[in-house]
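Contents: one structure, followed by commentary.
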Protein chains: 2
Amino acid sequence: MFSQAEENYIKAIYALDTKTKKGVSTNLIAEKMQTKASSVTDMLQKLSEKRLVIYKKYQGVQLSTKGKKIAASVVRKHRLWETFLVNKLNFSWDEVHDIAEQLEHIKSEKLIDELAVFLENPTHDPHGDPIPDKNGELPSIEKIILATLQVNESGICVGVQDSSSKFLQFLDKQGIALGQKITVIAKEPFDDSLTIKIENRELSISQKIAHNLYVQLK
Amino acid sequence: MFSQAEENYIKAIYALDTKTKKGVSTNLIAEKMQTKASSVTDMLQKLSEKRLVIYKKYQGVQLSTKGKKIAASVVRKHRLWETFLVNKLNFSWDEVHDIAEQLEHIKSEKLIDELAVFLENPTHDPHGDPIPDKNGELPSIEKIILATLQVNESGICVGVQDSSSKFLQFLDKQGIALGQKITVIAKEPFDDSLTIKIENRELSISQKIAHNLYVQLK
DNA sequence: TCTAATTTTTAGACAAGTCTAAAAATATTT
DNA sequence: AAATATTTTTAGACTTGTCTAAAAATTAGA
Ligand SMILES: [Mn+2]
Ligand SMILES: [Mn+2]
Ligand SMILES: [Mn+2]
Ligand SMILES: [Mn+2]
């Protein structure tokens with residue numbers, strides 16, 4: 001069907017597309033994929049031939065309907081595999097990304113269908129990211145950045161903005177995990193740091209941390 | 001580490017090596033891998049450079065110690081994944097090979113270790129083939145071809161010689177499965193067909209079938 | 001608006017893995 | 001032991017995906 005390289009480009013465009021509303025730029029893709037702009041241009045031309053993207057020279061690129069379906073299916077596989085690794089094989093959430101990057105390219109519709117059933121059709125992966133369904137639809141929950149909560153407001157921790165190993169390990173060390181209730185006790189105007197209550201502990205977190213955590217209001 | 005192509009060649013040589021005692025020929029590898037002899041030669045030269053095989057022009061090829069370790073590790077992964085698909089995801093034994101061909105190339109030592117634990121360290125895959133341990137050692141059981149049993153002898157069905165979908169589906173249809181006790185009731189000298197008793201049913205199987213089933217004597 | 005900086009594309013090269021066709025080595029027959 | 005047949009290797013080409021360096025287009029600045 002499609003090569004791993006093609007799927008990776010499609011996935012990168014999909015991820016960048018949601019953030020910027022207009023066409024995704026060559027350089028942005030190059031940066032995301034740790035590659036050179038000229039390589040990106042080459043691939044965009046191939047993907048355009050195959051009608052997976054809409055591409056006009058110098059004008060950036062957008063996924064076609066077909067491209068979007070493929071992207072969603074790859075993301076679905078990535079997140080289901082991450083869920084498998086954490087829920088069934090005792091991996092921690094900071095170890096699974098690179099392995100899922102490989103597993104997401106395995107070709108077998110039945111495999112992914114059965115995996116989803118085995119995992120009891122999860123809607124979110126270990127990082128709180130939504131898992132597209134078979135039709136590519138995302139379950140939408142209204143999550144907001146923790147930093148936007150007012151003092152005395154609280155929410156359930158449901159996701160991370162940054163899912164790098166470094167950040168995830170930091171959260172582990174601080175005892176912060178998905179599903180926990182977080183209440184903002186105080187906000188420090190000087191550096192925008194927050195004092196929060198979590199699992200009956202009080203804890204101060206920097207503005208940067210508060211911008212990388214998602215909470216859901218009840 | 002090693003590319004999928006390299007791993008596939010190594011695995012093919014490993015499989016052919018056990019059958020023929022001397023060096024494996026270029027043509028044999030080409031046939032097994034559904035490729036051309038010239039492609040095989042190219043690859044053998046690369047593998048030789050990397051010290052994974054011992055290769056002398058026109059003299060056939062053998063795995064080095066390093067090559068054997070890699071082969072065993074790929075076979076281990078292949079068979080563990082097949083076991084996973086059958087035992088956990090409800091695949092039948094005739095559906096798993098092609099998917100395992102892909103999964104066997106996923107790079108992560110922890111993944112395969114945890115998978116083995118999750119599956120409770122199986123020693124044989126769904127086709128009765130032995131799963132190499134972490135050190136590449138094979139559990140040896142003494143299995144013999146069903147056709148070699150004498151009349152009134154019996155054994156437990158423990159493996160297949162041919163593991164093509166066609167044959168496996170045929171066995172399903174006949175109600176023959178691993179673990180069942182098979183007793184030879186009669187042998188027909190005319191066409192070497194066998195009448196066997198299996199699970200209280202009597203059944204006639206051709207010489208060809210009898211040569212593709214392994215049994216273990218008690 | 002015209003020039004300068006930045007972004008994007010093209011041109012040409014390279015590595016991996018494959019193929020066909022031809023040459024070389026080995027094996028088999030007579 | 002030659003002649004013939006078979007196997008194996010080489011030579012040259014092609015595809016995919018990548019890169020560097022240079023050219024072209026776009027954007028930003030004075
Ligand atoms: Mn991930
Ligand atoms: Mn994730
Ligand atoms: Mn198999
Ligand atoms: Mn098998």
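Every chain is numbered from 1 and lettered A, B, ... according to where its sequence line falls, protein lines coming before strand lines.
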Closest to the A:Asp42 side chain, choosing from C:dT8, D:dC19, D:dT9
D:dC19

Could you check which of D:dT8, D:dT18, D:dT26 has an atom nearest any side-chain atom of A:Gln59?
D:dT26

Closest to side chain of A:Ser38, choosing from D:dT20, C:dT26, C:dT20
D:dT20

Listed nucleotide nearest any side-chain atom of B:Ser39, set D:dT9, D:dG17, C:dT18:
C:dT18

Within this structure, what is the CG-to-P distance between B:Leu28 and D:dT7, rounded to whole angstrom?
11 Å

Pick the closest DNA chain D nucleotide for B:Val40 and for A:Gln4 by heavy atoms, then say which residue is nearer the 5' end.
B:Val40

Closest listed nucleotide, where the reference is the side chain of A:Thr41 and the choices are C:dG17, D:dG17, C:dT9:
C:dT9

Salt-bridge contact A:Lys107-A:Glu7 (side-chain N to carboxylate O under 4.0 Å):
yes

Should the pair B:Lys88 and B:Phe118 be classed as cation-pi, given the thresholds of under 6.0 Å to the six-membered ring centre and 45° from the axis?
yes

Of all the nucleotides listed (D:dC19, D:dT8, D:dT10), which has the minimum atom distance to the side chain of B:Tyr58?
D:dT8

Please tell me which of the listed nucleotides, C:dT20, D:dT10, D:dT9, lies nearest to the side chain of B:Thr26?
D:dT9

Provide, to the nearest angstrom, the distance between the CG atom belonging to B:Leu44 and the C1' atom belonging to D:dT7.
14 Å

Rounded distance in Å - CG (B:Asn8) to P (C:dT18)
9 Å

Nearest to the side chain of A:Lys36, heavy atoms from C-beta on, is which of D:dT9, D:dT20, C:dT18?
D:dT20

From C-beta outward on B:Lys57, which listed nucleotide comes closest to its side chain: C:dT9, D:dT9, C:dG17?
D:dT9

Below 4.0 Å: OP1/OP2 of C:dG17 and any side-chain N or O of B:Lys46:
yes

So does A:Asp133 pair up with A:Arg76, basic N to acidic O under 4.0 Å?
no

Roughly how many Å is it from CG in A:Leu47 to P in D:dT18, rounded to a whole number?
11 Å

Quick one: label A:Ala37 by what it contacts on the DNA or RNA (base, sugar-phosphate, nothing), any heavy atom closer than 4.0 Å.
base

Residue whose nearest DNA chain D nucleotide is more 5′ - A:Gln34 or B:Gly60
B:Gly60

At less than 4.0 Å, is any side-chain N or O atom of B:Asn27 found next to OP1 or OP2 of D:dT6? Yes or no.
no

Of the candidates D:dC19, C:dT8, C:dC19, the side chain of A:Ser25 sits closest to C:dT8

Between P of C:dA15 and CD of B:Glu49, the distance in whole Å
13 Å

Does B:Lys68 make a cation-pi contact with B:Tyr14, if we ask for NZ or CZ under 6.0 Å from the ring centre and within 45° of the axis?
no

Run the ring pair (Phe, Tyr, Trp, His ring centres under 6.0 Å) test on B:His97 and B:His127 for me, step by step, so that the C-alpha distance in whole Å, both residues' side-chain angles and the decisive distance to 0.1 Å come before the verdict.
CA-CA 10 Å; B:His97 185 78; B:His127 311 107; 7.4 Å; no

Please determine whether a side-chain nitrogen or oxygen atom of A:Tyr9 lies at a distance below 4.0 Å from atom OP1 or OP2 of D:dT18.
yes

Rounding to an integer number of Å, can you tell me how far A:Lys56 NZ sits from D:dT26 C1'?
15 Å

Quickly work out the A:Tyr55 OH to D:dA25 P distance and round it to whole Å.
13 Å

Between C:dT18 (P) and B:Ile29 (CD1): distance, integer Å:
13 Å

Check the pair A:Glu120, A:Val117 against side chain to side chain contact (heavy atoms under 4.5 Å, CB included), reporting the backbone distance first and the verdict last.
CA-CA 5 Å; A:Glu120 296 171 275; A:Val117 169; over 6 Å; no

